[in-house]
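Below: one structure, written as structure tokens.
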Amino acid sequence: MNASETILIIEDDPTMLRVLKDNFEYSGMSVRTASDGEAGLELALRAQPDLILLDIMLPKINGYEVCRLLRGEGVGTPIIMLTAKGQESDIVLGLNLGADDYVTKPFNMNELLARIKAML
């Protein structure tokens with residue numbers, strides 16, 4: 001991974017957002033953030049990140065809808081859903097809406113970084 005790779009994190013929990021951002025920047029990635037679905041959708045379309053890390057339970061527009069709207073716009077950027085919603089039905093819904101991967105909280109940071117690296 002190199003600094004030219006940009007990750008967009010769409011996450012409404014400020015602590016989680018800071019932990020993710022710090023870890024990705026430490027790994028050499030450029031990071032953009034949004035704390036609600038509406039801002040995240042706008043940033044995803046405008047900034048064209050290399051990968052999107054998307055929470056599901058977000059204010060304004062939920063992560064499922066953000067994913068559906070991005071795919072509807074023809075955005076092919078890899079999307080990893082990162083969420084506390086770990087039921088099989090939630091995972092299947094996320095993948096059917098176009099997510100490339102689905103990671104449930106709590107998660108292992110090294111595993112998440114490996115999944116990101118594999119997609120980039």
Side-chain angles (χ1 to χ4, degrees):
M1 293 185 285
N2 58 51
S4 66
E5 290 162 329
T6 302
I7 299 215
L8 170 59
I9 306 168
I10 308 172
E11 168 65 66
D12 63 328
D13 177 332
T15 304
M16 177 66 68
L17 191 60
R18 168 60 55 199
V19 167
L20 291 166
K21 184 177 192 297
D22 288 351
N23 273 279
F24 297 157
E25 286 176 343
Y26 182 78
S27 296
M29 293 177 259
S30 174
V31 179
R32 304 289 303 266
T33 63
S35 56
D36 67 66
E38 193 174 77
L41 178 62
E42 213 172 275
L43 201 52
L45 292 169
R46 192 178 71 241
Q48 300 181 323
D50 297 299
L51 186 136
I52 299 168
L53 199 60
L54 179 60
D55 188 19
I56 290 176
M57 293 178 283
L58 292 166
K60 299 190 180 174
I61 306 173
N62 73 46
Y64 290 130
E65 189 66 5
V66 170
C67 185
R68 189 186 67 75
L69 290 166
L70 287 171
R71 294 306 188 226
E73 289 289 322
V75 175
T77 304
I79 296 173
I80 298 177
M81 289 191 159
L82 183 66
T83 178
K85 294 175 75 72
Q87 302 237 348
E88 184 183 359
S89 58
D90 297 317
I91 296 167
V92 170
L93 177 59
L95 295 171
N96 284 340
L97 288 171
D100 296 281
D101 201 353
Y102 196 105
V103 177
T104 55
K105 297 174 188 173
F107 59 92
N108 177 290
M109 186 58 72
N110 289 328
E111 181 187 340
L112 179 60
L113 285 166
R115 286 171 185 253
I116 289 169
K117 192 173 183 179
M119 284 193 193
L120 295 173

If I take atom CD1 from residue Ile79 and atom CG from residue Leu53, how far apart are they, to the nearest 0.5 angstrom? 10.5 Å
Less than 4.5 Å apart, any side-chain heavy atom of Glu5 and any of Ser30? no
With a 3.5 Å distance limit and no angle check, can you tell me whether Arg32 reaches the backbone of Leu8 through a side-chain donor-acceptor pair? no
Heavy atoms of Met81 and Gly94 approach each other most closely as SD-CA, 3.6 Å
Is there a donor-acceptor contact under 3.5 Å from the side chain of Asn62 to the main chain of Leu58? no
Transitively linked via ILVMFWY side-chain contacts under 4.5 Å: Met109 with Leu17? yes
Backbone N/O of Val75 and side chain of Arg71: donor-acceptor pair under 3.5 Å: yes
Closest non-hydrogen atom pair between Ala39 and Ala34, with its separation: C-CB, 3.9 Å
So how far is it from Arg115 CZ to Asp100 CG, rounded to the nearest 0.5 Å? 12.0 Å
What pair of heavy atoms forms the shortest contact from Cys67 to Ala99, and how long is it? SG-N, 3.5 Å
Under a single-linkage definition using a 4.5 Å side-chain heavy-atom cutoff for Ile, Leu, Val, Met, Phe, Trp and Tyr, are Ile56 and Val66 assigned to the same hydrophobic cluster? yes
When clusters are formed by joining ILVMFWY residues with side-chain heavy atoms under 4.5 Å apart, either directly or through shared neighbours, do Ile9 and Met57 land in the same one? no
Within the 4.5 Å heavy-atom criterion, are Leu51 and Ile7 side-chain neighbours or not? yes
Are Leu112 and Leu20 packed together at the side-chain level, in the sense that at least one heavy-atom pair is separated by less than 4.5 angstrom? yes
Measuring from atom CG of Leu69 to atom CD1 of Ile61, what distance do you get when rounded to the nearest 0.5 angstrom? 6.0 Å
Judged by atom type as modelled, is there a donor-acceptor pair below 3.5 Å linking the side chain of Tyr64 to the main-chain atoms of Asp90? yes
Is it the case that the side chain of Ser27 and the backbone of Met29 share a donor-acceptor pair, with hydrogens and angles ignored and the cut-off at 3.5 Å? no
Shared ILVMFWY cluster between Ile52 and Phe107, side chains joined below 4.5 angstrom? no
Glu111 CD: over 12 foreign heavy atoms closer than 6.0 Å: yes
When rounded to the nearest 0.5 angstrom, what is the spacing between CG in Leu54 and CG in Leu70? 8.0 Å
Taking the side chain as C-beta and beyond, is there a heavy-atom pair between Thr6 and Gln48 under 4.5 Å? no
Measuring only between side-chain heavy atoms, which start at C-beta, is Asp12 closer than 4.5 Å to Asp55? yes
According to a hydrophobic-cluster definition based on side-chain heavy atoms being under 4.5 Å apart (Ile, Leu, Val, Met, Phe, Trp, Tyr only), do Val103 and Ile10 belong together? no
Inter-residue atom distance Ser89.OG - Asn96.CG, 0.5 Å rounding: 11.0 Å
CG/Leu95 to CD1/Ile91 distance, rounded to the nearest 0.5 angstrom? 7.5 Å
Salt bridge check, Lys105 against Glu11: does any charged N sit closer than 4.0 Å to a carboxylate O? yes
With heavy-atom distances below 4.5 Å as the criterion, would you say the side chains of Tyr102 and Val92 are in contact? no
